[in-house]
Amino acid sequence: QVQLVESGGGLAQAGGSLRLSCAASGRTFSRIAMGWFRQVPGKEREFVAAISWSGASTNYADSVKGRFTISRDNAKNTVYLQMNSLKSEDAAVYYCAARLWGIATTWSSDYEYWGQGTQVTVSS
């Protein structure tokens, strides 16, 4: 079992920044691939970013590439999503997810555990 708790969401202005955090507990975090996804009402959950268990490999959705950065601190059992140059279309509920076995992928169905989500609102 893995428990995930996101934090750091809130209101930001367009062009501004937010940093999301996801604290994990329950398993050896340093061996778990992690991902961030987001969802708006009426739409499917979409991939944002993913990071390998070591942090050596990352992957981003084209829509956030160059603006968002995923990172992790295995000593703190935490994964982060630094979001810069926010746009109105970035507004969503953001979820972190854990995949116990395998590489970090872009498919939500590959991830076994999910946090409760944190709301990001972007004002123009």
Crowding at CD, Gln1 (>12 non-hydrogen neighbours, <6.0 Å):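 No.
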Can you confirm whether [X] sits close enough to [Y] that some side-chain heavy atom of one is under 4.5 Å from a side-chain heavy atom of the other?
X	Y	value
Ile103	Trp53	no
Met83	Leu20	yes
Ser123	Leu11	yes
Tyr60	Asp62	no
Thr105	Phe47	no
Asp90	Val120	no

Interatomic distance, Ser85 atom OG to Arg67 atom CZ [nearest 0.5 angstrom]: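 That separation rounds to 7.0 Å.
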Check whether any side-chain N or O of [X] sits under 3.5 Å from a backbone N or O of [Y] as a donor-acceptor pair, and report yes or no.
X	Y	answer
Glu6	Gln116	yes
Arg99	Trp101	yes
Asn84	Leu18	no

Using 30° and 60° as the class boundaries, would you call the ring planes of Phe68 and Tyr94 parallel, tilted or perpendicular?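 Tilted, since the angle between the ring planes falls between 30° and 60°.
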Would you kindly check if the NZ (Lys) or CZ (Arg) of Arg38 is within the cone defined by 45 degrees around the ring axis of Tyr95 and under 6.0 Å from the six-membered ring centre?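 Here Arg38 fails the 6.0 Å and 45° test against Tyr95.
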